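Letters A, B, ... are given to chains in the order of the sequence lines, protein chains preceding strands, and every chain is numbered from 1. Note that the structure is predicted; figures quoted are calculated from it, not measured.
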Amino acid sequence: MIHDMIDIVREYWLLLLIGQYPNGPLGGLANTLILSALSIAIAFPFAILLAFARLSKYRALRWPVTVLVYVTRGVPLLMLVLWSYFLVPLLTGADVPSFFTMLATLVVYQGAFLSEIIRAGIVALGQGQMDAARALGHGWFGAMRYVILPQALYNMIPSMLSTFVATIKDTTLGYVINVPDLTFAASQVNNQLLTQPFQVFLILALTYYVICWSLTALTNVVERRITRRRAGLLAPKRPLPVSLTRNATEQP
Amino acid sequence: MTASASAPAQDQTIRLADVRKSYGEFAVLKGIDATVSRGEVVVICGPSGSGKSTLIRTVNRLEEINSGSIFFEGQDVHAAMSGRELNLLRSRIGFVFQSFNLFPHLSAVENVAMSPIRVKGVPAAEAHEKALKLLDRVGLREKANSYPAQLSGGQQQRVAIARALAMEPPVMLFDEPTSALDPEMVGEVLSVMKSLAAEGMTMMCVTHEMGFARDVADRIWFIDGGEIIETATPEEFFTNPRHPRAQRFLSDLRH
């Protein structure tokens with residue numbers, strides 16, 4: 001079994017790594033990594049904007065984004081992928097490569113999830129931090145950038161990490177619209193071998209596991225580094241008497 | 001009251017004219033008329049829920065009002081203005097919160113230096129140097145690199161005062177600055193506030209510290225049910241309060 005897997009990797013490593021490239025489009029692991037990285041890199045700032053819109057006092061911003069987030073979160077990703085794949089060319093007449101269809105769908109889908117996490121992180125900080133920043137003369141965006149987001153995003157690292165990992169795993173769904181990624185390459189290998197599906201897909205599973213595990217490890221390093229920098233903040237929380245009195249006596 | 005109301009406009013740092021605010025049906029402020037002159041220390045006191053905190057938060061527009069006007073150095077705080085103008089206005093009104101609201105992700109010195117750097121564009125080195133001086137002034141220079149979670153409540157509130165002073169405001173507002181503190185920490189915060197008053201800072205303080213009011217205030221506004229029902233010098237207020245509700249308030253305090 002292990003021997004079979006080693007043989008498969010030895011035989012097909014180039015296909016699994018870069019797909020048909022340079023004779024065809026870039027695919028395989030390389031494309032999976034590019035798709036994942038781009039999805040996360042675009043979904044993250046997009047999600048911050050969505051969260052801002054959800055928190056906005058302007059209905060014209062808040063309502064459409066709320067609808068988008070609810071619909072997106074209530075629909076299976078595969079449906080969205082198929083919709084984008086069939087509807088976008090129909091509506092625009094443009095022939096969009098499946099890679100970009102998948103990228104856009106992932107950005108919207110994971111952006112919606114991520115925006116709720118970020119929004120929760122912002123709301124959880126309470127009004128006091130924003131009030132303090134505004135009282136010092138920071139504008140709304142300045143307060144967000146220098147006061148609210150550094151805290152909210154840091155607090156939400158674990159939840160955001162799950163979404164990032166989910167994004168990587170969700171790139172596999174690109175398979176159904178022929179995005180030439182690692183899953184696609186593995187399925188090509190399987191179609192050629194025909195007799196060893198278990199081995200082929202175990203290789204696939206292990207590869208995804210390593211990618212996702214690496215991201216988790218990387219995030220932990222980043223988190224630890226920030227924690228160390230904010231040493232005082234995350235030393236085991238001494239129950240300061242102040243915090244108790246504050247809640248008990250503070251007026252709204 | 002009458003003396004300062006008729007004072008020339010340039011001596012009036014803050015002027016409130018028929019300020020009204022309600023949350024739905026509930027009127028919190030029912031027509032506040034008052035002035036604070038330059039260098040004056042006004043203590044606002046009154047029973048809980050009387051609108052003191054709301055009132056002080058309307059002065060730098062953390063709360064909107066429904067009608068009336070508030071003038072800060074002649075400028076109408078609640079007039080329509082651009083975000084930039086409002087930010088500039090707010091940066092000139094120091095505000096100290098009951099719950100400190102220090103930025104927990106920044107050290108004490110960063111808390112103090114951040115806003116001069118980001119709002120006023122002061123060079124970082126200069127802002128840090130000044131922040132250290134301000135921390136020194138509130139007696140916390142050795143805590144410059146501590147984070148808020150490492151400081152006691154009294155220390156946090158003193159950093160918060162330094163943070164407000166860093167913007168060099170001509171007026172400081174205090175919203176129950178000692179109410180969230182353990183009793184043994186109240187003194188250290190009040191003594192910083194006393195020294196500010198002694199240096200001639202214009203101050204509005206919502207506080208229950210009647211000792212502070214007696215020693216430091218130039219005038220006391222007694223507020224109840226959303227109205228200022230008595231303004232007096234501390235001497236008058238504590239020895240001979242005119243309004244029955246003020247009398248009851250003071251007698252309750254003694255028990």
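- In this structure, B:His105 and A:Val147 approach most closely via the heavy-atom pair CE1-O, 3.6 Å.
- Taking every heavy atom of both residues into account, B:Phe95 and A:Ala135 meet most closely at CB-CB, 3.9 Å.
- In plain terms, the two heavy atoms of B:Ser115 and A:Leu136 that are nearest each other are OG-CD1, 3.3 Å.
- In terms of heavy-atom pairs under 4.5 angstrom with chain A, the leader among B:Gly94, B:Ser107, B:Ala166, B:Ser91 is B:Ser91.
- Open room surrounds OH on A:Tyr175; 12 or fewer heavy atoms of other groups in view lie less than 6.0 Å from it.
- For chain A, the nearby parts of B:Arg163 are the backbone and the side chain; heavy atoms of each come within less than 4.5 Å.
- Among B:Leu89, B:Asn60, B:Leu62, B:Leu106, the residue with the largest count of heavy-atom pairs under 4.5 Å with chain A is B:Leu62.
- Scanning all heavy atoms of the two residues, the minimum distance from A:Gly137 to B:Asn87 falls at O-CB, 3.1 Å.
- Smallest separation of non-hydrogen atoms from B:Phe97 and A:Ala132: CE1-CA, 3.5 Å.
- Annotation: side chain of A:Arg134 is not in contact with side chain of B:Arg61 (no heavy-atom distance under 4.5 Å).
- Between B:Pro104 and A:Gln129 there is a side-chain heavy-atom pair separated by less than 4.5 Å.
- In B:Tyr23, the OH atom is crowded: over 12 heavy atoms of neighbouring residues, nucleotides or ligands sit closer than 6.0 Å.
- The line from OH of A:Tyr146 to CD1 of B:Ile117 is 10.0 Å long, rounded to the nearest 0.5 Å.
- The 12-atom threshold is exceeded at CD of B:Glu184, counting heavy atoms of other residues, nucleotides or ligands nearer than 6.0 Å.
- For the set B:Met167, B:Met114, B:Arg84, the count of heavy-atom pairs under 4.5 angstrom toward chain A peaks at B:Met114.
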